[in-house]
*Asks:* 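I'd like to ask you about the structure that follows.
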Amino acid sequence: MTFHKFGRREFLKKAAGGGMLAGAGLAFPRFAMAQGAKIKVGLMLPYTGTYAPLGVAIENGFRLALQESGGKLGGREVEFFKVDDESEPAKATDNVNRLVTRDKVDVVIGTVHSGVCAAMIRVTRETGVLHMIPNAGLSQATGSLCAPNIIRTSFSNWQPGYGMGIALSQRKNVKNVATIAWRYAAGEESVKGFKDGYLRGGGKIAKELWIPFPNVEFQALLTEIASLRPDATYAFFAGGGAAKFLKDYAQAGLNKTIPLVGPGFLTDGILEAVGGAAQGVETALHYADDLSFKRDKEFRLAYVKAFKLQPDVYAVAGYDTGLLLAAGLKAVNGEVAQKKELIAAMEKVTVDSPRGKWRLSKAHNPIQDMYLRKVVGIDNKYEGVAVKALDDDPSAMGQCRMG
Ligand code: BEZ
């Protein structure tokens, strides 16, 4: 594995020296790859900050898929290049250029944070480098900024929000819901998805509450929720921030009187860390801890054996990214420079995932079931399917000029 570091000035000099392919659009073949050369995989993920555990799980999942394909992709060895994006949008352009321009990776895998991913997309669209998104749900990625070389293996932020909204819209006793979220693309799109689903049932939004990312000073907002007394609270937080929110919600006694719901990120990967604070919290997501698929049971066993950790939705996303890339590269015999054929092959794959089988939409977003889950002990227990074979937000899909 390679983890290069160099200064901004040196990087800019190299970029100005002709390494950057400004305006290249989708002129895919950059450098013909000699048969047998290693496939260069760039990982741009958060390894520090509130989303660090998510980045680690994604990398683990990807490495597990690679291990299961004999350590090779399309018959070729793999060389890794890593950048810690710190979930920091201001550093994203420099960070992705390190992988694309300096390291000349064949594929960039990243990232978690929607704002960082938006900046990555500006570079990957321009250069045409293959970009696989293993988490960030920003609607633009498979909406207005969709492109043949941009493929998302995770979800759009709208999807789990919509799933949870549909589930609550069917409950007669939930007429008034408060929302609380980090104020950036992911929180805003998650709340939109929730409202699109929930408001169909005739319910009302008591109030939308916002807090800047990655702030975790929730006290004033929790006091406001207590005084609003909604029938439920819908919350978008993830990683370390979600753990803190769950603990604070319980500490304030709100878990006893106002049921908490959300997209599955609210409770995934953190249940051991929050003790009992999340008991009973219901969420919607494309994964749960006790799915009945044989594929999932095998994956979970293999993951625990390899990393001595329980897998979560982020590990599944990394794993599925590896499965899809391996299938595509197998179809083109490892000829990663044949990008059109590689992408066409990936578009045809049905991914046999631990979450259940899924395929890419025309805009390159997974079409997948949204499961309703409830926290019991340290598991997100499957309760049923909230929405079957869900595609993306129609208003985002309408903005994608591909397919
Ligand atoms: C996002 O920024 O898109 C995101 C981050 C963590 C979990 C889910 C979505």
*Asks:* Which residue is it: Phe213, Phe237, Phe265? I am looking for the one with a ring-ring contact (aromatic ring centres under 6.0 Å, His included) to Tyr51.
*Replies:*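 Per the ring-ring contact (aromatic ring centres under 6.0 Å, His included) rule, the option paired with Tyr51 is Phe213, out of Phe213, Phe237, Phe265.
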*Asks:* Which heavy atom of Lys192 sits nearest to which heavy atom of Ser395, and what is that distance?
*Replies:*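 Heavy atoms only, the tightest pair is NZ-OG, 3.7 Å.
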*Asks:* Identify whether NZ of Lys or CZ of Arg in Arg63 sits under 6.0 Å from the centre of the six-membered ring of Phe80 and within 45° of that ring's axis.
*Replies:*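 Judged by the rule, Arg63 and Phe80 form a cation-pi pair.
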*Asks:* Any carboxylate oxygen within less than 4.0 angstrom of a Lys/Arg side-chain nitrogen, looking at Lys362 and Glu347?
*Replies:*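 So Lys362 does not pair with Glu347 through a salt bridge.
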*Asks:* Test side chain to side chain donor-acceptor pair (under 3.5 Å) on Tyr234 and Ser190; report intermediate values, then the result.
*Replies:* CA-CA 10 Å; Tyr234 174 87; Ser190 178; 2.6 Å; yes
*Asks:* Between Ser169 and Tyr198 (side chain of the first, backbone of the second, donor and acceptor by atom type, cut-off under 3.5 Å), is there such a pair?
*Replies:*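 No, the answer is negative, given that no donor and acceptor are paired below the 3.5 Å cut-off.
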*Asks:* I need the Leu390 CG to Asp392 CG distance, nearest 0.5 Å.
*Replies:*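 Going from CG on Leu390 over to CG on Asp392, the span is 8.0 Å.
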*Asks:* To the nearest 0.5 Å, how far apart are NE2 in His113 and CG in Leu45?
*Replies:*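 If I round to the nearest 0.5 Å, the distance is 13.5 Å.
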*Asks:* Could you walk me through whether Tyr249 and Phe218 pass the ring-ring contact (aromatic ring centres under 6.0 Å, His included) test, one step at a time?
*Replies:* CA-CA 9 Å; Tyr249 199 85; Phe218 300 118; 10.0 Å; no
*Asks:* Which is it for Thr142 and Ser361 under the side-chain contact (heavy atoms from CB on, under 4.5 Å) test, yes or no, and what are the steps along the way?
*Replies:* CA-CA 9 Å; Thr142 50; Ser361 69; 5.7 Å; no
*Asks:* Side chain to side chain donor-acceptor pair (under 3.5 Å), that's the test. Do Glu68 and Tyr319 meet it? Break it down for me.
*Replies:* CA-CA 10 Å; Glu68 289 176 3; Tyr319 186 70; 2.5 Å; yes
*Asks:* Going by the salt bridge (Lys or Arg N to Asp or Glu O under 4.0 Å) test, name the single residue among Lys374, Arg373, Arg300, Arg355 that passes it with Asp289.
*Replies:*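 By the salt bridge (Lys or Arg N to Asp or Glu O under 4.0 Å) criterion, Asp289 pairs with just one of Lys374, Arg373, Arg300, Arg355: Arg300.
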*Asks:* Side chain to side chain donor-acceptor pair (under 3.5 Å) for Asn95 and Arg98? Distances and angles first, verdict last.
*Replies:* CA-CA 5 Å; Asn95 279 334; Arg98 281 175 188 150; 3.1 Å; yes
*Asks:* Run through Val78, Leu325, Leu323 and flag the one making a side-chain contact (heavy atoms from CB on, under 4.5 Å) with Leu66.
*Replies:*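 Checked Val78, Leu325, Leu323 against Leu66; only one passes side-chain contact (heavy atoms from CB on, under 4.5 Å): Val78.
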*Asks:* Find out whether the Lys NZ or Arg CZ of Lys82 is both under 6.0 angstrom from the six-membered ring centre of Tyr47 and within 45° of the ring's axis.
*Replies:*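 Yes, Lys82 and Tyr47 form such a contact.
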*Asks:* Under the side-chain contact (heavy atoms from CB on, under 4.5 Å) test against Phe245, which residue among Leu221, Ile211, Leu222 passes?
*Replies:*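 Going through Leu221, Ile211, Leu222 one by one, the side-chain contact (heavy atoms from CB on, under 4.5 Å) with Phe245 is satisfied by Leu222 alone.
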*Asks:* Output yes when Arg122 and Glu126 qualify as a salt bridge under the 4.0 Å nitrogen-oxygen rule, no when they do not.
*Replies:*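 Glu126 and Arg122: not salt-bridged.
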*Asks:* According to the disulfide bond (SG atoms under 2.5 Å apart) rule, which pairs have a member within residues 143-221, sequence neighbours left out?
*Replies:*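 As it turns out, the disulfide bond (SG atoms under 2.5 Å apart) pairs with a partner in residues 143-221, which skip direct neighbours, are Cys146-Cys400.
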*Asks:* Can you check whether Lys381's main-chain N or O pairs, donor with acceptor, with Asp379's side chain at less than 3.5 Å?
*Replies:*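 Absent.
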*Asks:* Given side chain to side chain donor-acceptor pair (under 3.5 Å), test Tyr314 with Asp268 step by step and report yes or no.
*Replies:* CA-CA 8 Å; Tyr314 311 107; Asp268 236 77; over 6 Å; no
